[in-house]
2 protein chains.
Amino acid sequence: MTMTPCEACPLRGMEIFVPFDPGEVEFMQKFKAGELAVERGTTILIEGSKSPQLFTVLRGMATRYKTLEDGSRQVINFAMPGDFLGLQAGVMGAMRHSVEAATDMVLCVFKREEVWTLFRTQPSRAFDLTWISAVEEHFLGETVATLGQRDGLQRVAWALFRLFKRLRAVKLGTRDSVPLPFRQQDLADALGLSLVHANKTLAELKRRGVARWAKGVLEVQDIDTLQDLAMIDEPKEERRPLM
Amino acid sequence: MTMTPCEACPLRGMEIFVPFDPGEVEFMQKFKAGELAVERGTTILIEGSKSPQLFTVLRGMATRYKTLEDGSRQVINFAMPGDFLGLQAGVMGAMRHSVEAATDMVLCVFKREEVWTLFRTQPSRAFDLTWISAVEEHFLGETVATLGQRDGLQRVAWALFRLFKRLRAVKLGTRDSVPLPFRQQDLADALGLSLVHANKTLAELKRRGVARWAKGVLEVQDIDTLQDLAMIDEPKEERRPLM
DNA sequence: CGCATTATTGAAATACTTCAAATACGGTGG
DNA sequence: CCACCGTATTTGAAGTATTTCAATAATGCG
């Protein structure tokens, strides 16, 4: 229950994250307002609200989603350790999507007012904030391309591949499996597929011996085929800054 | 052919853009490396490249797009006056999509190296850069929701509504029509629809007396119905910073 | 153990794609 | 100004991926 010092942050130092400069750790320690533990199912940020807090995910996972007028839900993406939450509220004034914990989570908490301090006194960290936003933008562009151009099988393969790579990059799971604590409905809502079709497509991937996802664990048996099906060429995970 | 002084920028001062603080205009004038006029069809930024230049669109329009392994194209969105191009290359090192001029264009040019100066010496402008990125992220989230959850008619209505509002916000066109210099193929590639289906859906909107798009001009006859069809609730255009 | 949630499966309905061919448009050169 | 050619739009018809409906099976939580 005691707060993790940034010095001992379990994420910092992982290859996927840009290394901290000396002094940045110290600043982040001051910037950090505290730590928040939330239960599965908690809505961390809500569409339309101007949250006074920003977060970095330390442990656990979440879904970012929007709800449309007719009640349908679009999962924008899945948040995992190292992801930064609430930037929209931080700079635009209000969140444009909601964030809900898919597991119990631990979050680093930053105060919104401090963002301005950061821009005034820590240009390198301000730059990183923009960088983070640009990376998000890039991934959303990928998602747009997936929903616009890939068929059902390609979409599911694309999502499983990305999730697997990202989770492995933050040292979760084993060589060929990762925890994936979402429901098929969440994946369907992320990919613009019906639950039924998502289910049948997952079954097809299992049948082909490519990947199987059951009981919150994704096991990838043939990652090359998965990547081929997904039509992904990028070889390695994007390096990004960590807040 | 001579360079527009930022002082006399035709975009600054429009309601859609956040007003400049005193001093910011002066800074931007120094930040501005020049002006670039390009012809229709020119590729301004190319996927994978690390452009040494960033741009603000002064006049004209463009498509931002990605090409997938199988050759299909996803139009990420359409760029219009006031939009900032090249931020990804500016902070992440390389563009993740290409940008092609759909009309002759005039662009303000900024040098990539100067971005760092901006972060060190102009925190308010650095903040705006992040803000711009967050706004883009927001719109891409909307696009993801559109491709994931809306059917053909809703998608087309959504796109026409947004384009119309945005173009009106930068003072193009008349009360009920705007220039829209793209091909139906571009719209289809933006919405993840086949050309044929996009065409038939546009015909349906015309038949219903909602909107008609021909010869590069979009005329909206019934904007309320268009908005209803699109399932959009937001009443007004997002205010954003201008670079 | 029992109840609510999630996953699975089959079958019918449909929105959208693909194929193919005709028409219209816009720019260029004569 | 017209004829021509390449590009863009329009239309019909057949095929298919995906959705919807509906019901059963499995899972996990209290």
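So that the names make sense, note that chain A is the first sequence line, chain B the second, and so on, each numbered from 1. Side-chain atoms are counted along with the backbone in the values below, which use heavy atoms only and exclude waters and symmetry mates.
Using a cutoff of 4.0 Å between basic side-chain nitrogens and carboxylate oxygens, R208(B) and E204(B) are scored as salt-bridged. A salt bridge links D189(A) with R73(A): at least one charged nitrogen is closer than 4.0 Å to a carboxylate oxygen. Ion pairing between a basic and an acidic side chain is recognised when a charged N comes within 4.0 Å of a carboxylate O; D70(A) and R150(B) show no such pairing. With respect to R59(A) and E35(A), no salt bridge is recorded, no charged nitrogen being found less than 4.0 Å from a carboxylate O.
Mapping A214(B) and G216(A) onto DNA chain D via the closest heavy atom, the residue that lands nearer the 5' end is A214(B).
Nucleotide dT19(D) holds its P atom 14 Å from the CG atom of D70(A), rounded to whole Å. Regarding N199(A), its CG atom lies at a distance of 17 Å from the P atom of dT24(D), rounded to whole Å. Atom CG of L195(A) is separated from atom P of dA26(D) by 17 Å (rounded to the nearest Å). Atom CZ in R150(A) sits about 18 Å away from atom C1' in dT18(D), given to the nearest Å. The CG-C1' distance, from L202(B) to dT9(D), rounds to 10 Å in whole Å. In this structure, E204(A) places its CD atom 12 Å from P of dA17(D), rounding to the nearest Å. Atom CG of D189(A) is separated from atom C1' of dT18(D) by 15 Å (rounded to the nearest Å). Rounding to whole angstrom units, NE2 of residue H197(B) and P of dA17(D) are separated by 17 Å.
Residue E47(A) comes nearest to K66(A) through the heavy atom pair OE1-CA, 3.8 Å, listed as atom of the first residue, atom of the second, then distance.
No option in E136(B), E137(B), E142(B), E238(B) other than E238(B) meets the salt bridge (Lys or Arg N to Asp or Glu O under 4.0 Å) test with R96(A).
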T143(B) and T146(B): side-chain hydrogen bond (donor to acceptor under 3.5 Å, both in side chains), yes or no, with the steps? CA-CA 5 Å; T143(B) 305; T146(B) 296; 5.9 Å; no
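When DNA chain C is scanned in the 5' to 3' direction for atoms under 4.0 Å from non-hydrogen atoms of chain A, the outermost contacting nucleotides are dT6(C) to dA11(C).
Using a 4.0 Å heavy-atom distance criterion, K215(A) is classed as a sugar-phosphate-only contact.
Ring centroids of F182(B) and F78(B) are separated by less than 6.0 Å, placing the two rings close together.
Each end of the helix from dC1(C)-dG30(D) to dG30(C)-dC1(D) yields a helix axis from five base pairs, and these two axes differ in direction by 60° (to the nearest 10 degrees).
R168(B) CZ: more than 12 foreign heavy atoms inside a 6.0 Å radius.
In this structure, the nucleotide among dT18(D), dT11(D), dT27(D) sitting nearest to the side chain of L193(A) is dT18(D). Closest to the R183(B) side chain, of the nucleotides dT20(D), dG12(D), dA8(D), is dA8(D).
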